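Note sheet for the following structure.
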Amino acid sequence: MTPIELQIQTLPDSPGVYQYFDKEGKILYVGKAKNLKKRVASYFNKVHDTAKTNVLVKKIVTIKHIVVPTETDALLLENNLIKKLQPRYNVLLRDDKTYPWICIKKEPFPRIFSTRKMIKDGSEYFGPYTNFKTVHTILDLVKELYPLRTCNYDLSQANIRSGKFKVCLEYHIGNCKGGCEGYETSENYQNQINAIREILKGNFKESLKDFRSLMTDLAMEMRFEEAQKIKEKIEVLENYQAKSTILNPKISNIDVFSIVSDEAMAYVNFLQISHGAIVRSHTLELKKKLDETDEELLELAVVELRERFHLNSKEIILPFLPKAFGMNFGDKVKVTVPQLGDKKQILELSQRNAKYYRLDQLKQIQIVDPDRHTNRIMAQMQKDLRLSVEPRHIECFDNSNIQGTNPVSACVVFKDGKPSKKDYRHFNIKTVEGPNDFASMEEVVYRRYKRMLDENQPLPNLIIIDGGKGQLSSALKSLDELGLRGKIAIIGIAKRLEELFYPGDSVPLYLDKKSETLKTIQHLRNEAHRFGITFHRDKRSKNAIQSELELIPGIGEKTREMLLKHFKSVKRIKEASEKEISDVIGVSKAKKISEFYKINYTKK
């Protein structure tokens with residue numbers, strides 16, 4: 001497998017932006033994708049129509065990517081990166097005025113309008129939006145629901161009091177409430193602006209509540225046409241998502257850092273934000289030497305990345321605040337640990353990119369160096385489960401019985417984190433009457449390890465019991481009897497909340513639902529359940545077949561075996577003629593079978 005194929009194989013099936021680099025590390029191309037893996041793979045699995053594209057593909061040595069929430073975000077991010085990096089094979093993009101914004105003008109009785117220019121006069125800008133259709137939809141909605149002025153008069157209190165302006169046609173047709181002549185207070189007008197601001201941010205809850213109330217009032221007054229119009233606007237509002245990659249362009253000149261780590265490595269993702277858009281993304285890998293904490297590693301990474309990229313931003317966003325962090329920057333840089341809002345969303349996006357980067361690296365390691373992957377999993381399990389040794393050999397037990405019939409148990413074996421199916425074992429319960437999971441577990445655990453001791457087989461590093469405290473206690477009785485308690489680690493896993501129980505500890509252990517340790521344990525538990533259920537079904541089926549043939553008078557065990565061996569199933573025996581049966585077991589017995597089925601079953 002080539003390095004490029006390896007990189008493609010580990011790409012996520014998510015929207016995002018991909019970047020191609022040549023052998024010297026120079027950027028060749030930036031593109032967007034709804035599905036990163038499919039889009040990038042399409043470059044390498046065919047010969048392209050244009051020579052330029054074929055030349056580009058031959059030069060690609062490294063592929064990098066940035067994951068974003070939606071296709072719209074990918075489009076905006078692609079636009080920003082192309083303008084900043086100017087890759088050789090990209091079409092030269094137009095400048096920022098390509099995309100429209102919605103402006104809330106900083107003035108008395110603020111106007112709301114679309115613009116392609118951002119003027120730093122204190123006005124608020126929302127966007128950018130990828131097409132004008134969306135902008136028109138929002139502005140039409142705002143105009144319908146909130147009567148705002150469209151004139152460019154200077155509506156200062158002095159001008160209004162002096163009577164400098166007169167209401168225009170917009171007032172007379174109901175599109176404006178006449179703030180220019182004092183018919184509407186500044187307070188009431190600002191409340192409408194606040195509601196519109198929330199809509200632009202994507203917070204529709206209160207607005208929708210007010211709109212539904214208005215629609216109901218109109219309907220009660222029999223103004224059904226007006227109520228229908230409000231209903232249509234509500235539907236537009238409900239279906240529209242006003243969020244972009246960053247909601248507010250005032251979020252500018254900010255660096256965002258996040259970290260994910262495991263036993264051996266840490267990955268710190270960095271996003272540089274300018275005017276509400278991502279202009280740079282990079283993930284730094286840090287190999288642990290002395291079991292460093294995330295605080296220490298994040299502090300080290302932030303200093304390194306700021307120096308490497310010559311960053312001079314005045315604000316840094318972090319997932320937590322390292323204790324000694326302020327010593328590095330003093331009061332010059334504001335450090336924010338957001339709990340909600342726009343900045344929290346940016347931090348979550350950075351964390352998502354760090355996680356995807358880590359997964360990519362782990363997938364590549366699993367393909368290229370499976371031993372290293374296994375060693376990492378084993379070390380992680382040892383730490384998470386508080387074991388004295390790595391669980392290289394794990395055995396998991398599960399009981400199966402339905403309505404108390406044919407109780408069986410299964411033992412599955414994992415070696416180096418993978419199923420070792422040749423070592424799987426089934427157990428028929430011999431000493432227990434009826435459905436008793438506790439006694440059944442005690443029996444099979446004893447039988448399993450008694451035999452292993454007798455045959456001098458290597459014992460497992462970890463035993464997992466599928467069940468809670470009761471099953472775990474039963475298994476411990478058997479280990480006590482064999483003198484193995486304390487020599488083999490043993491835990492129980494309860495199905496409902498994935499609780500892990502330890503001997504002598506009443507408080508269960510809860511692992512992260514996404515942790516590789518819990519996923520491995522779940523795999524063991526599910527495999528034991530599958531293996532046990534399959535054996536249980538086979539046994540019930542065999543018993544059902546045998547019990548039916550046993551009902552025929554004069555037909556013994558050997559005759560039943562001969563019939564099943566020849567006809568393969570009871571159904572075929574039923575359908576066979578007396579002559580066909582007699583050829584196998586003789587005329588006399590064939591007649592008994594034929595008469596039995598004639599009396600008891602209707603043959604088809």
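Here the structure is a predicted model, which is why all the values come from computation and not from measurement.
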Practice task
For the pair S14 and Y356, evaluate side-chain hydrogen bond (donor to acceptor under 3.5 Å, both in side chains) and give the outcome as yes or no after the intermediate values.
Solution key: CA-CA 10 Å; S14 305; Y356 272 118; 3.0 Å; yes
Close side-chain approach of [X] to [Y], heavy-atom, < 4.5 Å:
X	Y	answer
E315	K343	yes
L81	I66	yes
D294	F320	yes
I193	I104	yes
D121	K105	yes
L349	N353	yes
Q339	V337	yes
P419	V412	no

Exercise for the section: Identify whether the distance between the nearest side-chain nitrogen and carboxylate oxygen of E107 and R111 falls below 4.0 Å. Expected result: yes
Handout entry: R197/E124 salt bridge by N-O under 4.0 Å criterion
Key = yes
Practice task
Kindly determine whether V256 and F270 satisfy side-chain contact (heavy atoms from CB on, under 4.5 Å), including the steps that lead there.
Solution key: CA-CA 6 Å; V256 185; F270 153 62; over 6 Å; no
Practice task
Using the ring pair (Phe, Tyr, Trp, His ring centres under 6.0 Å) rule, take Y20 and Y89 through it: C-alpha gap first, then chi angles, then the decisive distance, then the call.
Solution key: CA-CA 10 Å; Y20 295 150; Y89 287 89; 9.8 Å; no
[atom1]/[X] to [atom2]/[Y] distance, rounded to the nearest 0.5 angstrom?
X	Y	atom1	atom2	value
M381	L511	CE	CG	9.0 Å
E498	Y510	CD	OH	11.0 Å
D398	D466	CG	CG	4.5 Å
D255	I346	CG	CD1	11.0 Å
I491	R386	CD1	CZ	9.5 Å
W101	T115	CH2	OG1	10.5 Å

Handout entry: T283: side chain to side chain contact (heavy atoms under 4.5 Å, CB included) partners, not counting sequence neighbours
Key =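 Result, side chain to side chain contact (heavy atoms under 4.5 Å, CB included) vs T283: Y267, N269, Y357.
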Practice task
With sequence neighbours excluded, tell me which residues meet side chain to side chain contact (heavy atoms under 4.5 Å, CB included) with I488.
Solution key: L459, P460, I463, L484
Backbone N or O of [Y] within a donor-acceptor pair of the [X] side chain at under 3.5 Å?
X	Y	result
Q9	I4	no
Q351	K355	no
S258	S350	yes
Y18	K37	no

Problem - Worked verdict on V413 versus K415 for side-chain contact (heavy atoms from CB on, under 4.5 Å) - result: CA-CA 7 Å; V413 180; K415 292 183 177 178; 4.1 Å; yes
Practice task
Consider only side-chain N and O atoms of Q380 and D384, and report whether a donor and an acceptor are under 3.5 Å apart.
Solution key: yes
Exercise for the section: Mark yes or no: K64 above the aromatic ring of F21, with NZ or CZ under 6.0 Å from the six-membered ring centre and no more than 45 degrees from the axis. Expected result: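 Checked: cation-pi criterion met.
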Handout entry: Cation-aromatic face contact R392/F414, 6.0 Å, 45 degrees
Key = no
Exercise for the section: Dump the intermediate steps for side-chain contact (heavy atoms from CB on, under 4.5 Å) on N253 and K314, then the final yes or no. Expected result: CA-CA 7 Å; N253 196 23; K314 301 300 181 184; 4.2 Å; yes
Handout entry: Option from N375, I394, T374 for which side-chain contact (heavy atoms from CB on, under 4.5 Å) with D416 holds
Key = T374
What closest approach, in Å, do [X] and [Y] show between heavy atoms, and which atom pair accounts for it?
X	Y	answer
G16	V68	CA-CG2, 3.7 Å
L318	V302	CD2-CG2, 4.1 Å
I490	A475	CD1-CB, 3.8 Å
P12	L36	O-CB, 3.5 Å
R39	A33	CB-CB, 3.5 Å
I465	L472	CG2-N, 4.2 Å

Exercise for the section: For V335 and L321, run side-chain contact (heavy atoms from CB on, under 4.5 Å): C-alpha distance rounded to whole Å, both residues' side-chain angles, the deciding distance at 0.1 Å, then the answer. Expected result: CA-CA 8 Å; V335 179; L321 186 62; 3.5 Å; yes
Practice task
Might you work through the salt bridge (Lys or Arg N to Asp or Glu O under 4.0 Å) test for R376 and E516, ending with a clear yes or no?
Solution key: CA-CA 10 Å; R376 183 184 58 77; E516 289 173 304; 2.7 Å; yes
Practice task
Taking atom NE2 of H529 as the centre, report whether more than 12 heavy atoms of other residues, nucleotides or ligands fall under 6.0 Å from it.
Solution key: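 Counting other residues, nucleotides and ligands, NE2 of H529 stays at 12 neighbours or fewer.
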